[in-house]
Novice: 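Below is a structure I'd like to ask you about.
Numbered from 1 within each chain, the chains take letters A, B, ... in sequence-line order. The analysis underlying the following values was restricted to heavy atoms, covering all of them including side chains, and did not include hydrogens, waters or symmetry mates.
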Protein chains: 2
Amino acid sequence: MEQILPHLDSVFSIDCVLFGFDGKELKILLIERNEEPFKDWWALPGNIVGPDESLDQSASRILYELTGLRGIYMEQYYAFGDPNRHPQGRVITLAYYALIRLGGDKELRPISNYAKRANWLPITDLPKLAFDHQKIYDKGLEKIKRRIKHQPIAFELLPEKFTLTQLQHVYELILGKKLDKRNFRKKIVSFGVLKELDEKQKGVSYRAATLYRFDKRRYAKLFGKEISF
Amino acid sequence: MEQILPHLDSVFSIDCVLFGFDGKELKILLIERNEEPFKDWWALPGNIVGPDESLDQSASRILYELTGLRGIYMEQYYAFGDPNRHPQGRVITLAYYALIRLGGDKELRPISNYAKRANWLPITDLPKLAFDHQKIYDKGLEKIKRRIKHQPIAFELLPEKFTLTQLQHVYELILGKKLDKRNFRKKIVSFGVLKELDEKQKGVSYRAATLYRFDKRRYAKLFGKEISF
DNA sequence: TTACTTAGTGTAAAAATTACACACTATATT
DNA sequence: AATATAGTGTGTAATTTTTACACTAAGTAA
């Protein structure tokens, strides 16, 4: 959070890096600030942790207020508490990331007073960010890069039914490098957590690909054997 | 921190899991509380973050006050903020772990008022812990298990000069399983970050082993290629 | 000298990773 | 109907990494 500060000695907030995937690009949700400091700058959405909220609850609330979405995969990843990170006082913030499948921009809701607007911006072309938010974002990306190699988080960015090419695309965007198609498919299928459906992709002007679904049950069963991409 | 609470709405503290290795066992430093709540219980050392301290500084200070040690490897790993985790009010705490080479118990210093005493206790036989400290400890151990596979943190627990057997021992204790001697040596040497010394172990009643040193410079150079045990 | 204890070493089999190219299929276009 | 287009889907061989496994050497203590 970075809005108007109550006159407390220290404030504890949560800031969120909301990663969204629209089938093409990886984006994050940024808000344009309407308040000093950093008026007119882009910033990560955040807010103060309420007195009766758990940290996860607080993160979910922030997400909900901004997007109307619930039940999204979120995870805390780092606390930033440099005494000078906020020009107006001591603000310790805990960073969360979330992974969201974007289906058009219908998710955005009327936003709160300290922001002019909110936008999904592609991570390949981010503006300068307020406060230490660049650092927070960088660490968040680093975190999901690491996590995608060991945990089935890529599916959170995809619709329930997806093609292997789409899945590979997500991996490539997050890892920031091309992967070999055959090797990727071999490996991802070998984990045994994908369920091949009897359905094909629709609405494409070329050969339609087979759809798959992430098999949560099976993953839970095999959980001991952690995925390692 | 879990000591006397000032009457604030919310408190931000740091709790530390200090892992120590004495050549035999893996231990953590616990304090026996002298105050309610949880008087006479064992707890992780912790304290409130000061107004002008960064989080890392605060963690170092807590460590220093308890052990007199400086320059120890510490890392934050998770924030715990359940509204009910502290019976007397809202306390959000950030957990750090530290890795310390123990050379006798001479490190312990006179301790602060809220503790009767502090002790290094083997992790194989821990008492019940106050608050949610068991959870904090569990997550800390989990964290270093993960991290020891990719980062050269095992050396932090050993003296500057160590034998390969000692190193293997540290890995075995943290990972909680036996490793094959030949494979371990092959792999660890292949990373190229160990410097074999012209020196042998002393004071043992059997064949003395060769001493090694962790080559930080070389590690920094190879840093791109991350270690993967 | 003997007994004891840990150090130190190699190899073969199995598994995982990498590199690599083309035919197929569905649609759109003419 | 024929053709162009764009992405799907598939196999293999070479290389690298991982695993399993047991004995001799060196030093100390009795």
Novice: Flag this pair as yes if the NZ/CZ of B/R33 is under 6.0 angstrom from the six-membered ring centre of B/F38 and inside a 45 degree cone about the axis; otherwise no.
Specialist: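 Pair B/R33/B/F38 does not count as cation-pi.
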
Novice: Quick test of your reading: applying salt bridge (charged side-chain N to carboxylate O under 4.0 Å, His left out), list the pairs with at least one residue in residues 189-198 of chain B, sequence neighbours left out, ordered by first then second residue.
Specialist: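 As it turns out, there is no salt bridge (charged side-chain N to carboxylate O under 4.0 Å, His left out) pair with a partner in residues 189-198 of chain B once direct neighbours are skipped.
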
Novice: With the sugar-phosphate defined as primed atoms, P, OP1 and OP2, and the base as all remaining atoms, what B/S/- string results for nucleotides 25-30 of chain C, 5' to 3', for protein heavy atoms under 4.0 Å?
Specialist: BBSS--

Novice: Taking only N and O in the side chain of B/T165, is any of them less than 4.0 Å away from OP1 or OP2 of C/dT6?
Specialist: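 For B/T165, the contact criterion (side-chain N or O under 4.0 Å from OP1 or OP2 of C/dT6) is not met.
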
Novice: Restricting to salt bridge (Lys or Arg N to Asp or Glu O under 4.0 Å), what partner residues turn up for A/E199, sequence neighbours left out?
Specialist: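 Only A/K161 meet the salt bridge (Lys or Arg N to Asp or Glu O under 4.0 Å) criterion with A/E199.
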
Novice: What is the distance, to the nearest angstrom, from the NZ atom on B/K200 to the P atom on C/dT5?
Specialist: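 In whole Å, C/dT5 P lies 21 Å from B/K200 NZ.
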
Novice: Going 5' to 3' on DNA chain D, which nucleotide is the first and which the last to come under 4.0 Å of a heavy atom in chain B?
Specialist: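 Range of nucleotides within reach of chain B: D/dT18 to D/dA29.
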
Novice: Which part of the nucleic acid, if any, lies within contact of B/T210, taking any heavy atom under 4.0 Å across all strands shown: a base, the sugar-phosphate backbone alone, or nothing?
Specialist: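 Sugar-phosphate only.
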
Novice: Do any pairs count as a side chain to side chain donor-acceptor pair (under 3.5 Å) and have a residue in residues 121-131 of chain A, sequence neighbours left out, and if so which ones?
Specialist: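 Found none.
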
Novice: Does anything in residues 176-189 of chain B come within less than 4.0 Å of DNA chain D? Heavy atoms only, and list the residues if so.
Specialist: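 Going residue by residue through residues 176-189 of chain B, the ones with a heavy atom under 4.0 Å of DNA chain D turn out to be B/D180, B/R182, B/N183, B/K186, B/K187.
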
Novice: What pairs meet the salt bridge (charged side-chain N to carboxylate O under 4.0 Å, His left out) rule with one or both residues in residues 205-219 of chain A, with sequence neighbours excluded?
Specialist: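 Pairs touching residues 205-219 of chain A that pass the test: A/E160-A/R213.
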
Novice: What pairs of residues pass the salt bridge (charged side-chain N to carboxylate O under 4.0 Å, His left out) test when at least one of them lies in residues 163-188 of chain B, not counting sequence neighbours?
Specialist: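 Qualifying pairs, neighbours excluded: B/E172-B/K178.
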
Novice: Output all residues satisfying side chain to side chain donor-acceptor pair (under 3.5 Å) with A/T165, sequence neighbours left out; order by chain, then residue number.
Specialist: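 In terms of side chain to side chain donor-acceptor pair (under 3.5 Å), with neighbours along the sequence ignored, A/T165 is linked to no residue.
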
Novice: Apply side chain to side chain donor-acceptor pair (under 3.5 Å) to B/Y212 and list each qualifying residue two or more places apart in sequence or on a separate chain.
Specialist: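 With sequence neighbours excluded, B/Y212 shows a side chain to side chain donor-acceptor pair (under 3.5 Å) to no residue whatsoever.
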
Novice: Please, which pairs that meet salt bridge (charged side-chain N to carboxylate O under 4.0 Å, His left out) have at least one residue in residues 134-150 of chain B, sequence neighbours excluded?
Specialist: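 Output for this query lists A/E226-B/R146, B/E75-B/R147.
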
Novice: With sequence neighbours left out, what residues match B/S205 under side chain to side chain donor-acceptor pair (under 3.5 Å)?
Specialist: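 Listed in chain order: nothing, the list is empty.
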
